[in-house]
Undergrad: 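One structure, as structure tokens, below. Some questions next.
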Amino acid sequence: MVQHRLRAATHPQATPLPPASATNRRMARAPLYAAIDLGTHNCRLLVARAGERGLRVIDSFSRAVRLGEGLHHSGQLAEAAMERTITALRACVARMGLYELHSHRAIATEACRRAANGMDFIARVMHETGLDISVISAREEAELALAACTSLLHDRGSATGRGLLFDIGGGSTEIAWARIDRDARRHDLSGYVSLPMGIMTLAERHGNDIFTDAGYRGIVNGIVSILRGFDDIHCITREIARGNVMLLGTSGTVTTLASLAQGQGRYERAGIDGSRLSVPQALAMIDSLRGAGMAGLVRNPVIGPDRARYLLPGCAIFEAIVTTWPMMNVTVADRGLRDGLLLRMIGDRGRHGGPAPTPLSFPLHRHMEHRVSP
């Protein structure tokens with residue numbers, strides 16, 4: 001096996017183990033898996049193996065590719081955006097080539113679902129990189145987000161309850177409503193809604209209007225009106241009144257708000273994942289961020305120039321969610337679809353048992369990995 005060039009890091013679910021322990025030696029021999037999440041804004045890779053309490057991360061990669069740039073206006077993926085994305089995907093393939101992988105999976109979400117040339121782009125990626133990407137449905141996106149947050153859903157509260165999870169993406173926002181059985185360590189998706197709006201969608205649709213009070217409030221109110229229909233179907237407000245609901249947020253918006261609330265000088269993941277963010281504090285902070293304007297957001301070391309344009313759109317979605325479903329705290333998850341994919345692959349191997357397949361080597365070849373229908 002190729003020697004790992006990067007030092008292994010512990011992921012949010014994992015607990016560092018003593019170097020000489022038998023458990024540590026066994027985990028070091030566990031199969032390696034890789035997951036790629038190609039979103040509207042970011043391209044992300046995670047290489048990991050099963051750890052004692054979750055995932056033990058070996059390598060990771062993330063790049064803002066802005067695949068969905070201009071999509072709202074043209075209905076197409078732009079050539080420059082596709083070129084940026086293919087460059088990032090080549091980097092992912094190169095990193096995966098450092099390891100002998102038991103299995104891997106690559107998925108794409110809203111930008112490729114929505115674009116008229118989305119499937120042409122997926123075919124181009126296969127031709128130019130050898131990477132087979134599945135365009136997943138909004139439902140599977142919600143299920144993977146829930147899977148990523150399994151340990152958070154099960155570690156708090158009464159034996160049974162409800163989980164309301166939101167994932168604010170670049171092109172869409174997924175909201176999952178789940179029934180939790182903590183004794184059985186399982187949860188079931190009761191319902192989900194995919195809003196065709198994310199940080200890039202809103203930024204392109206509203207531009208600088210989002211920095212005005214009327215523009216920002218109009219976005220929040222519009223999203224609230226959509227969410228109330230979902231609430232009417234699933235009676236979420238009634239369950240909240242019973243003290244029966246855990247609110248979870250997973251996205252760059254909510255992790256940035258949590259980092260700011262903790263007074264971090266720069267983003268530190270270890271203090272964020274699994275933390276609780278006070279909703280009143282978050283709303284007060286959003287008011288302050290809105291007052292800072294674009295220049296103030298750019299100067300903030302936790303936000304910076306790359307995120308400044310997209311933070312307020314995410315804040316508007318966040319505010320609409322906590323306005324529709326008022327709760328005192330939101331549990332923050334610095335994990336996402338990659339984590340869900342990896343945990344699903346590891347779980348499938350554990351359930352199916354049997355001999356391990358031949359390790360995968362890169363560069364990739366066609367038909368190496370099975371596709372999942374969107």
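Heads up: numbering here begins at 1 and tracks the sequence.
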Undergrad: To the nearest 0.5 Å, what is the distance between NE2 on H41 and OG on S251?
TA: 12.5 Å
Undergrad: Give the intermediate values and the outcome of side chain to side chain contact (heavy atoms under 4.5 Å, CB included) for residues D339 and L46.
TA: CA-CA 8 Å; D339 307 68; L46 204 59; 4.1 Å; yes
Undergrad: Please report the interatomic distance CG(L341) to NE2(H104), rounded to the nearest 0.5 Å.
TA: 11.0 Å
Undergrad: Is the closest basic N to carboxylate O distance between R124 and E79 below 4.0 Å?
TA: yes
Undergrad: Where do T255 and D334 land on the side chain to side chain donor-acceptor pair (under 3.5 Å) test, with the steps shown first?
TA: CA-CA 6 Å; T255 56; D334 187 346; 5.5 Å; no
Undergrad: Inspect the contact between R186 and D188 and indicate whether a charged nitrogen and a carboxylate oxygen are less than 4.0 angstrom apart.
TA: yes
Undergrad: Could you tell me if the side chain of F230 sits less than 4.5 Å from the side chain of L195, heavy atoms only?
TA: no
Undergrad: Within a strict 4.5 Å, meaning less than it, do heavy atoms of the I36 and M96 side chains meet?
TA: yes
Undergrad: Do V332 and Q262 touch side chain to side chain, with heavy atoms closer than 4.5 Å?
TA: no
Undergrad: Are W177 and Y192 connected, step by step, through hydrophobic side chains (Ile, Leu, Val, Met, Phe, Trp, Tyr) whose heavy atoms are closer than 4.5 Å?
TA: no
Undergrad: Would you say CZ of R299 has more than 12 non-hydrogen atoms from neighbouring residues, nucleotides or ligands within 6.0 angstrom?
TA: no
Undergrad: Quick check: closest heavy atoms across L342 and A35, and the distance to 0.1 Å?
TA: CG-CB, 3.8 Å
Undergrad: Please name the pair of heavy atoms, one in L289 and one in C315, separated by the smallest distance, quoted to 0.1 Å.
TA: CD1-SG, 4.5 Å
Undergrad: Is there a side-chain contact between E143 and R344, using heavy atoms and a 4.5 Å cut-off?
TA: yes
Undergrad: Look at E141 together with R139 and state whether they make a salt bridge at an N to O cut-off of under 4.0 Å.
TA: no
Undergrad: For V65, is there any backbone N or O sitting under 3.5 Å from a side-chain donor or acceptor partner on R84?
TA: yes
Undergrad: Before giving the answer on side chain to side chain contact (heavy atoms under 4.5 Å, CB included), spell out for W325 and L247 the whole-Å C-alpha distance, their side-chain angles and the decisive distance to 0.1 Å.
TA: CA-CA 9 Å; W325 298 299; L247 181 65; 5.7 Å; no
Undergrad: Which one of L260, L311, L297 satisfies the side chain to side chain contact (heavy atoms under 4.5 Å, CB included) criterion with V302?
TA: L260
Undergrad: When you measure from the side chain of E239 to the backbone N and O of N244, does any donor-acceptor pair fall under 3.5 Å?
TA: no
Undergrad: If you define the side chain from C-beta out and look only at heavy atoms, does anything of R266 sit under 4.5 Å from Q264?
TA: no
Undergrad: Looking only at heavy atoms, which two atoms of L257 and M285 are closest? And how far apart?
TA: O-CE, 3.2 Å
Undergrad: Quick check against the 3.5 Å criterion: does T173 have a side-chain atom that pairs as donor or acceptor with the backbone of M197?
TA: yes
Undergrad: Measure the CD-CG distance between E174 and L146 for me, rounded to the nearest 0.5 Å.
TA: 11.0 Å
Undergrad: Would R335 and L152 satisfy side chain to side chain contact (heavy atoms under 4.5 Å, CB included), going step by step from the backbone distance to the final call?
TA: CA-CA 11 Å; R335 54 186 84 181; L152 298 178; 3.8 Å; yes
Undergrad: How long is the straight-line distance from CZ of R338 back to CG of N42, given to the nearest 0.5 Å?
TA: 9.0 Å
Undergrad: For the CG atom on N208, are there more than 12 heavy atoms of other groups (residues, nucleotides or ligands in this structure) within a distance under 6.0 Å?
TA: no
Undergrad: How long is the straight-line distance from OH of Y267 back to CD1 of I303, given to the nearest 0.5 Å?
TA: 13.0 Å
Undergrad: Would a hydrophobic clustering, with Ile, Leu, Val, Met, Phe, Trp and Tyr connected at side-chain separations under 4.5 Å, put I223 with Y310?
TA: yes
Undergrad: M246 and T331: which non-hydrogen atoms are nearest, and at how many Å?
TA: CE-OG1, 3.6 Å
Undergrad: When the ring planes of F318 and F166 are compared, do they come out parallel, tilted or perpendicular, using 30° and 60° as the limits?
TA: perpendicular
Undergrad: Has S259 got a side-chain atom pairing as donor or acceptor with T256's backbone, closer than 3.5 angstrom?
TA: no
Undergrad: Indicate, with yes or no, if I133 and M119 share a hydrophobic cluster defined by side-chain heavy-atom contacts under 4.5 Å among Ile, Leu, Val, Met, Phe, Trp and Tyr.
TA: yes
Undergrad: Side-chain contact, heavy-atom cut-off 4.5 Å: D59 with L45?
TA: no
Undergrad: Whether R290 and E319 form a salt bridge (side-chain N of Lys/Arg under 4.0 Å from carboxylate O of Asp/Glu) is what I want to check.
TA: no
Undergrad: Flag the pair L101 / V47 as yes when at least one side-chain heavy-atom distance between them is below 4.5 Å, and no otherwise.
TA: yes
Undergrad: Is there side-chain contact between I107 and L144, with at least one heavy-atom pair below 4.5 Å?
TA: yes
Undergrad: Mark yes or no for whether T40, through its side chain, and A111, through its backbone, hold a donor-acceptor pair below 3.5 Å.
TA: yes
Undergrad: Are more than 12 heavy atoms, taken from residues, nucleotides or ligands other than R217, located less than 6.0 Å from that residue's CZ atom?
TA: yes
Undergrad: Do you reckon V254 sits in the same ILVMFWY cluster as V193, going by side-chain contacts under 4.5 Å, direct or chained?
TA: yes
Undergrad: Can you name the nearest heavy-atom pair linking H234 to S190, along with the distance?
TA: CE1-O, 3.7 Å
Undergrad: Hey, mind stepping through T109 and L337 against side chain to side chain contact (heavy atoms under 4.5 Å, CB included) and telling me if it holds?
TA: CA-CA 10 Å; T109 55; L337 303 187; 3.8 Å; yes
Undergrad: Establish, from distance only, whether the side-chain atoms of R114 and S172 form a donor-acceptor pair under 3.5 Å.
TA: no
Undergrad: Would you name the heavy atoms of V135 and C112 that are closest together and state the gap between them?
TA: CG2-CB, 4.1 Å
Undergrad: Using the rule that Ile, Leu, Val, Met, Phe, Trp and Tyr join whenever any side-chain heavy atoms are under 4.5 Å apart, tell me whether I236 and V322 fall into a single cluster.
TA: yes
Undergrad: If you round to the nearest 0.5 Å, how far is OG1 of T85 from CG of L38?
TA: 6.0 Å
Undergrad: Donor-acceptor check, side chain of D37 to backbone of R44, threshold 3.5 angstrom: yes or no?
TA: no
